[in-house]
Amino acid sequence: MSDDDRIAVVGLACRVPGADDAPTLWRNLLAGFDAVRRTAGEGVPVGPGWVPAFGRLDDLEGFDADLFGYPAEAAALLDPQHRLFLEVAWHALEDAGIDPDRDPAQTGVFAGCGPNRYLHHHLLGNPALAPGADALAEDWDDALTGSGCDYLPTRTAFALGLSGPAVAVQTACSTSLVAVCQAGQSLLDYRCDVAIAGGAAVVSTRQAGYRLRPGGLLATDGVCRPYDAAATGQVFGNGAGAVVLKRLADARADGDHVHAVLAGWAVNNDGADRPGFTVPGVSGQAAVMAEALASVGWDAADVGYLEGHGTGTPVGDAIEVDALARVRRGAPGPLLLGSVKGNLGNLDAAAGVISLIKAVYAVRTGQVPGTAHFTGAHGDVDLAAAHAEVSASTRPWTGERRAGVSSFGLGGTNAHVLVEPAPASPEPDRAADAPGPAVLGVSAGSPAALRELARRLAARLAEGDLAVADVAHTLAVGRRRLAYRDAVGCADAGEAVRRLTALASGGPAAEDDAARSWRAAGDLPVTPGRRVQLPGYPFRRTRHWIEARR
């Protein structure tokens, strides 16, 4: 395959239970951390049949309304799923080193979210938002457009200034991985040059738990155990994730950092070949994996790790592994199989992109995190027939690193994506790593955010693995020019850390010409360098929330 036929993952970001960013999520996964909380909070129902287990997000009610240009009243009407996706899309573009205001590339958005629970439980029937009152009609329209799933990608395009296709995707739990497939195809068809793809889900605004129903799909003990003998069902959680994609040839020409490469993908539906509408089909799941492999000429044996759908429902997990066995018939093993849902719960419309982010890190680092709570396979989950193995702990990945990611939506829409390592980059110009004068400009929407950003940048530079020239280059071309700006000049990383630390503590600003130009006009010298991953913007979240009806 040529570089023009493959898609580069050049940026990624997430906000999930236990982690506000992708590096923290990865550390949690390597440690086997279970982020699902199992304690009842204030006002949470208790009693027989109530399970207080949920993958909660801290500060769900908070939003950096000023940064995104929302008055307080409008921010309070905005569905928290839209808020979450705006944040992760912003961070994903930063991770890619792309400032849409200055990058001429046409950027598309392909994304979806879950049902509008905030609208139904918090806004509808609220006396302050009663429809029919002329004075409140505009507020009511804002409530509807602020909650509709259709408006998630277009809102993102408007807020971030993106002029490519903005397309809503809705396929239940497979939404965000289907969005990735749609984005990849749009890039191959030259409908856009950059694409943001992902999803957001707020399954519960109360983040409390659930009441068991006879014969339901939810875990009786509040623990999600993918593929495990003790599995009794799934647990849900809130979260969001996004990836930034480019054609690989363009990413290499632009000097982007490539996390990994999407080699191929496929999307289908189970159709009527299943026992019922809500029951997955073996044939459809097997077909989507086989189609993805055929699209790039891979054999099943070429894939060494599969990030599965793995919800912890015994029937669903057994069907998934049965489908895998059909695809891998005759393939040598073992294939490593895992599911992030044991750590986070099922994140509904965001689940697929979070699985993809996990697989990207595994391919990039050569480590496969264990699957939380796995002790041994369920009797109906025939791992031997699939030549597959589920590991309970993190292990090194030996051999060629190619991965598959599966996501299956309620209603039968299946998606499968194939991931491989980024190609080796040309040897960098070592002169860029040599000490020399550089200007590091930071920009934020408030003085407090500016100081926090300087602190984060100093901490990152103190780790010692970044060239100052690359940091200066990334800050100059890949960050937005916001209202509050300051800069430090430095000759090396040590001086940069000292001066950024002083700036973070409210110390005197630099007074050289470059710093003055940056503060006054937003002009930074663009020094030669590479785009590197730097700390994301420190959102200053304040509470914008309408209380649920009692």
Side-chain angles (χ1 to χ4, degrees), residues 112 114-115 169-182 184-185 199 213 215-218 226-227 231-234 264-303 306-331 333 335 337-339 341 346 348-349 351-353 355-356 377-388 390 403-418:
V169 180
Q170 292 298 133
T171 63
C173 294
S174 61
T175 290
S176 56
L177 198 65
V178 172
V180 169
C181 299
Q182 298 277 21
Q185 195 59 52
R213 293 176 175 85
L217 300 177
L218 298 173
Y227 315 111
T232 60
Q234 59 188 320
W265 52 83
V267 178
N268 73 0
N269 190 275
D270 292 331
D273 189 13
R274 47 185 162 148
F277 178 72
T278 61
V279 182
V282 176
S283 298
Q285 292 184 10
V288 79
M289 289 186 276
E291 183 181 344
L293 290 167
S295 73
V296 293
W298 290 5
D299 294 324
D302 292 329
V303 176
L306 174 63
E307 175 61 20
H309 188 64
T311 59
T313 56
V315 172
D317 287 358
I319 289 172
E320 178 182 355
V321 174
D322 189 1
L324 182 61
R326 295 189 185 189
V327 175
R328 288 184 52 77
R329 187 174 291 117
L335 168 77
L337 173 65
S339 171
K341 294 181 180 69
N346 186 348
D348 193 58
V353 73
S355 293
L356 175 62
H378 191 280
D380 294 331
V381 176
D382 193 350
L383 294 176
H387 305 286
V390 179
V405 182
S406 290
S407 191
F408 308 132
L410 191 72
T413 296
N414 309 308
H416 191 73
V417 173
L418 298 172

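Values in this document were obtained by computation on a predicted structure and should not be read as measured data.
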Can you see which heavy atom on [X] is nearest to which on [Y], and at what distance?
X	Y	value
G308	Y227	CA-OH, 3.5 Å
Q170	G112	OE1-CA, 3.7 Å
S407	S174	OG-CA, 3.3 Å
L418	A292	CD1-O, 3.3 Å
N268	A287	ND2-CB, 3.7 Å
A331	A300	CB-CB, 4.3 Å

Are [X] and [Y] close enough that some pair of their side-chain heavy atoms sits under 4.5 Å apart?
X	Y	answer
H309	C173	yes
V321	L337	yes
L324	L335	yes

[X]: what forms a side chain to side chain donor-acceptor pair (under 3.5 Å) with it, not counting sequence neighbours?
X	value
T278	none
T413	N269
N346	Q234

Has [X] got a side-chain atom pairing as donor or acceptor with [Y]'s backbone, closer than 3.5 angstrom?
X	Y	answer
D317	G312	yes
D273	D270	no
S176	G199	no
R274	G411	yes

Just how far is it from atom [atom1] of [X] to atom [atom2] of [Y], taken to the nearest 0.5 Å?
X	Y	atom1	atom2	value
S406	E307	OG	CD	9.0 Å
T171	L177	OG1	CG	8.5 Å
R328	L293	CZ	CG	10.0 Å

Under the side chain to side chain contact (heavy atoms under 4.5 Å, CB included) test, residues paired with [X] that sit two or more places apart:
X	answer
A294	none
Q185	L188, D189, W265
V279	P275, I319

